[in-house]
Amino acid sequence: MLDGSHHKPAAVLVPLVMGRADPAILLTRRTDHLHHHPGQISFPGGRVEAQDSTPVDTALRETEEEIGLDRRHVELLGALPDYYTGTGFRVTPVVGLVHPPFELQLDAFEVAEAFEVPLGHFLDPANHQRHSLVHEGRERQFHAMPYKDYFIWGATAGILMSLYRLLREPER
């Protein structure tokens with residue numbers, strides 16, 4: 001198991017939007033001009049900064065900065081297991097229920113759009129894919145969960161798989 005000692009700490013919010021007919025996951029599409037992961041689908045979040053005392057602080061701060069979702073709309077449920085990226089991050093996924101009504105104010109530099117995907121989409125194994133690619137001479141495997149015109153893959157899909165396992169695995 002990875003100890004994370006060589007990974008930079010980061011955190012994301014996994015926002016479950018409630019109050020509609022079906023719960024949904026709120027995701028963002030990063031702007032195309034960003035140096036890291038341009039155009040990719042992601043959760044709001046980022047690196048842990050000096051003022052952040054916990055991963056929850058990081059996830060909520062980054063969510064407010066990126067999409068303008070005020071933390072008072074988020075009911076924290078807990079965290080999924082840390083996710084280690086191939087790019088050197090140890091990401092703590094913080095899960096929270098988001099209670100409408102709320103308004104988003106997207107940071108136009110970082111976020112091209114925010115959108116919701118029904119939670120049921122991610123809980124249906126028919127929507128789970130495995131892909132591989134060769135990067136720097138090494139084959140890497142990754143999850144993908146396409147939705148409409150969005151290709152949800154990599155760390156985002158990996159974290160969604162962790163949520164899927166938590167919600168779908170029988171109690172032990």
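No hydrogens, no waters, no symmetry mates; every other heavy atom, side chains included, goes into these values. Remember, it's a predicted structure, so these values are computed and weren't measured experimentally. The chain is numbered in sequence order, starting from 1.
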Requested in this report: May I ask you to check whether over 12 heavy atoms, not counting those of E103, lie within 6.0 Å of atom CD?
Outcome: no
**Report entry** Heavy-atom closest contact (P44 atom, E66 atom, distance)
**Finding:** CA-OE1, 3.3 Å
Query raised in the report: With the 4.5 Å side-chain cut-off for hydrophobic clustering, are V48 and L80 part of the same group?
Result: no
Query raised in the report: Do the ring planes of H131 and F142 sit parallel (below 30°), tilted (30 to 60°) or perpendicular (above 60°)?
Result: parallel
Query raised in the report: Any link between V134 and W153 through a network of hydrophobic side chains (Ile, Leu, Val, Met, Phe, Trp, Tyr) touching at under 4.5 Å?
Result: no
Report summary line: The reported gap from CG in D107 to OG1 in T28 (rounded to nearest 0.5 angstrom) is 10.5 Å
Query raised in the report: Is it true that Y164 and H128 have ring centroids separated by less than 6.0 Å?
Result: yes
**Report entry** For the student: nearest non-hydrogen atoms of Y83 and G154, plus distance
**Finding:** OH-O, 3.8 Å
Query raised in the report: Between T85 and T87, is there a donor-acceptor pair closer than 3.5 Å when you use the side chain of the first and the backbone of the second?
Result: yes
Report task. Could you pull out the closest heavy-atom pair between A112 and T31, with the gap in Å? Result -> N-CG2, 3.5 Å
Report task. For D124 and H121, indicate whether the former's side chain and the latter's backbone hold a donor-acceptor pair under 3.5 Å. Result -> no
Query raised in the report: Rounded to the nearest 0.5 Å, how far does CG of L119 lie from CG of L163?
Result: 6.5 Å
**Report entry** Same cluster (ILVMFWY, side-chain, under 4.5 Å), M161 and F151
**Finding:** no
Query raised in the report: Rounded to the nearest 0.5 Å, how far apart are NE2 of H73 and CZ of F102?
Result: 8.0 Å
Query raised in the report: Any side-chain heavy atom of P9 sitting closer than 4.5 Å to one from F89?
Result: no
May I have the list of side-chain donor-acceptor pairs in residues 93-101 shorter than 3.5 Å, sequence neighbours left out?
residue : atom : partner : partner atom : Å
H99     : NE2  : E75     : OE1          : 2.8

Query raised in the report: Does E62 pair with R47 as a salt bridge, N-O distance under 4.0 Å?
Result: no
Query raised in the report: Is atom CZ of R138 surrounded by more than 12 heavy atoms (other residues, nucleotides or ligands) closer than 6.0 Å?
Result: no
Report task. Might you confirm whether atom CD of Q105 has over 12 heavy atoms from other residues, nucleotides or ligands at distances under 6.0 Å? Result -> no
Requested in this report: Under the side chain to side chain contact (heavy atoms under 4.5 Å, CB included) rule, what do R130 and H143 come out as? Steps first, then yes or no, please.
Outcome: CA-CA 5 Å; R130 289 287 287 169; H143 293 281; 3.1 Å; yes
Report task. Any chance you could lay out the side chain to side chain contact (heavy atoms under 4.5 Å, CB included) test for I25 and F122, step after step, and finish with the verdict? Result -> CA-CA 9 Å; I25 302 281; F122 300 119; 3.8 Å; yes
Report task. To the nearest 0.5 angstrom, please state how far the OG1 atom of T63 sits from the CG atom of L13. Result -> 4.0 Å
Query - Member of T58, T92, I159 meeting the side chain to side chain contact (heavy atoms under 4.5 Å, CB included) criterion with V12 - result: I159
Query raised in the report: Under 3.5 Å, is there a donor-acceptor pair between the S42 and T156 side chains?
Result: no
**Report entry** Value rounded to 0.5 Å, distance of CD in Q40 from CG in L27
**Finding:** 12.5 Å
Query raised in the report: Parallel, tilted or perpendicular for Y150 and F115, by the 30°/60° rule?
Result: parallel
Query raised in the report: Roughly how far apart are L16 CG and E116 CD, rounded to 0.5 Å?
Result: 10.5 Å
Query raised in the report: R61 and D52: side chain to side chain contact (heavy atoms under 4.5 Å, CB included), yes or no, with the steps?
Result: CA-CA 8 Å; R61 176 186 52 75; D52 300 330; 2.7 Å; yes
Query raised in the report: Among the clusters formed by ILVMFWY side chains lying less than 4.5 Å apart, do L133 and I41 turn up in the same one?
Result: no
Requested in this report: Measure from the side-chain N and O atoms of E64 to the backbone N and O of R71, and report whether any donor-acceptor pair falls under 3.5 Å.
Outcome: yes
Query - Residue pair F43, L160: steps toward the side chain to side chain contact (heavy atoms under 4.5 Å, CB included) verdict - result: CA-CA 10 Å; F43 294 108; L160 287 164; 3.8 Å; yes
Query raised in the report: Can you tell if the side chain of Q129 reaches within under 4.5 Å of the side chain of P146, non-hydrogen atoms only?
Result: yes
